[in-house]
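These numbers come from a predicted model, not from an experiment.
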Amino acid sequence: MPKAKGANKRKKFNYNANRKKLKTKAKKQAKPRIECKQLRSAWNYRKSASQNLADMGLAFDPNKSLPCHNRKVTRMEVDCSDTSRKTKASKLYVLKKLEAEASLPEKKTNALSTDMKEYVRHMIEHHGENYKEMAKNEKNYYQDTPNQIRRKVDLYKRYHPEEYEAFMTSLKEKKMDTS
């Protein structure tokens with residue numbers, strides 16, 4: 001019987017492979033970085049993911065942890081939720097920390113770029129509320145339509161109301177000085 005095609009070749013060292021990089025890559029794949037700070041502090045790398053999450057009071061598979069309500073239950077069948085398999089969670093502090101973090105109010109991060117602010121200020125300064133003239137302005141590099149410019153001005157008004165008010169008062173003062 002003939003041998004397999006690559007069986008009679010001798011092993012050669014691969015000089016192009018960086019062994020150190022390969023080792024660190026293998027370690028990262030074996031132990032992935034856990035982004036959540038609370039989970040990372042309580043994680044035990046000697047246990048599986050499902051065991052770790054069960055210790056913390058979290059579910060690894062939501063399909064198994066939640067009772068299935070969609071199934072039709074006949075008289076002979078027992079309820080879908082299995083209460084005998086409940087395990088005690090030893091690291092409930094993780095769950096409490098996650099709930100506390102989730103209950104914090106979310107920060108509003110709506111802000112326009114400085115370029116967009118300057119663009120809107122320039123347009124308002126030179127054209128006021130005339131969006132058709134703004135569309136014809138040579139600073140309109142992206143060839144925005146009047147409606148697109150109107151939306152950008154509205155965003156500026158909504159996200160930076162104090163800045164907009166200060167800008168409008170300074171414009172009125174400039175007009176008063178020139179007259």
Within the 4.5 Å heavy-atom criterion, are Arg33 and Arg40 side-chain neighbours or not? yes

Cluster question for you: counting only ILVMFWY and a side-chain heavy-atom cut-off of under 4.5 Å, with indirect links fine, are Val94 and Tyr45 together? yes

Does Tyr15 have more than 12 heavy atoms from other residues, nucleotides or ligands lying within 6.0 Å of its OH? no

Would you say that Met116 contacts Tyr156 through its side chain, given a criterion of any heavy-atom pair below 4.5 Å between the two side chains? no

Scanning both residues in full, the closest heavy-atom pair of Gln148 with Asp144 reads OE1-CA, 3.1 Å

If I take atom NZ from residue Lys172 and atom CE from residue Met168, how far apart are they, to the nearest 0.5 angstrom? 6.0 Å

Mind checking the CG-CD spacing from Asp177 to Glu173? Nearest 0.5 Å is all I need. 7.0 Å

Which heavy-atom pair separates Lys139 from His122 by the least distance, and what is that distance? CG-NE2, 3.3 Å

Do the charged groups of Arg121 and Glu163 touch, with an N to O distance under 4.0 Å? yes

Lys157 NZ: over 12 foreign heavy atoms closer than 6.0 Å: yes

Is Lys25 close to Gln29 at the side-chain level, that is, under 4.5 Å between some pair of heavy atoms? yes

Does the side chain of Leu95 reach to within under 4.5 Å of the side chain of Glu99, using non-hydrogen atoms? yes

Met56 CE to Asn44 CG distance, which is reported to the nearest 0.5 Å: 8.5 Å

Polar side chain donor-acceptor pair, Tyr119 to Asn140, under 3.5 angstrom: yes

Between CG of Leu39 and CG of Leu98, what distance do you get to the nearest 0.5 Å? 5.5 Å

Reported NZ-to-CD1 distance for the pair Lys152 and Ile124, which is rounded to 0.5 angstrom: 13.0 Å

Can you give me the closest heavy-atom contact between Ala54 and Ala89, atom names plus distance? O-CB, 3.6 Å

In short, Phe60 meets Ala49 closest at the heavy-atom pair CE1-CB, 3.8 Å

How about Glu129 and Tyr131: does a side-chain donor come under 3.5 Å of a side-chain acceptor? yes

Rounded to the nearest 0.5 Å, the NZ atom of Lys132 sits from the CG atom of Asn147 at a distance of 10.0 Å

Please report the closest heavy-atom contact between Thr145 and Ala135, naming both atoms and the distance. C-CB, 4.4 Å

Quick one: are Arg151 and Leu155 in side-chain contact, heavy atoms under 4.5 Å? no

Quick check against the 3.5 Å criterion: does His160 have a side-chain atom that pairs as donor or acceptor with the backbone of Leu112? yes

Check ion pair Lys174-Glu125 (N to O, under 4.0 angstrom): yes

If we ignore angles and hydrogens, is there a donor and acceptor under 3.5 Å between the side chains of His126 and Asn137? no

Does Met123 reach the side chain of Val153, with side-chain heavy atoms less than 4.5 Å apart? no

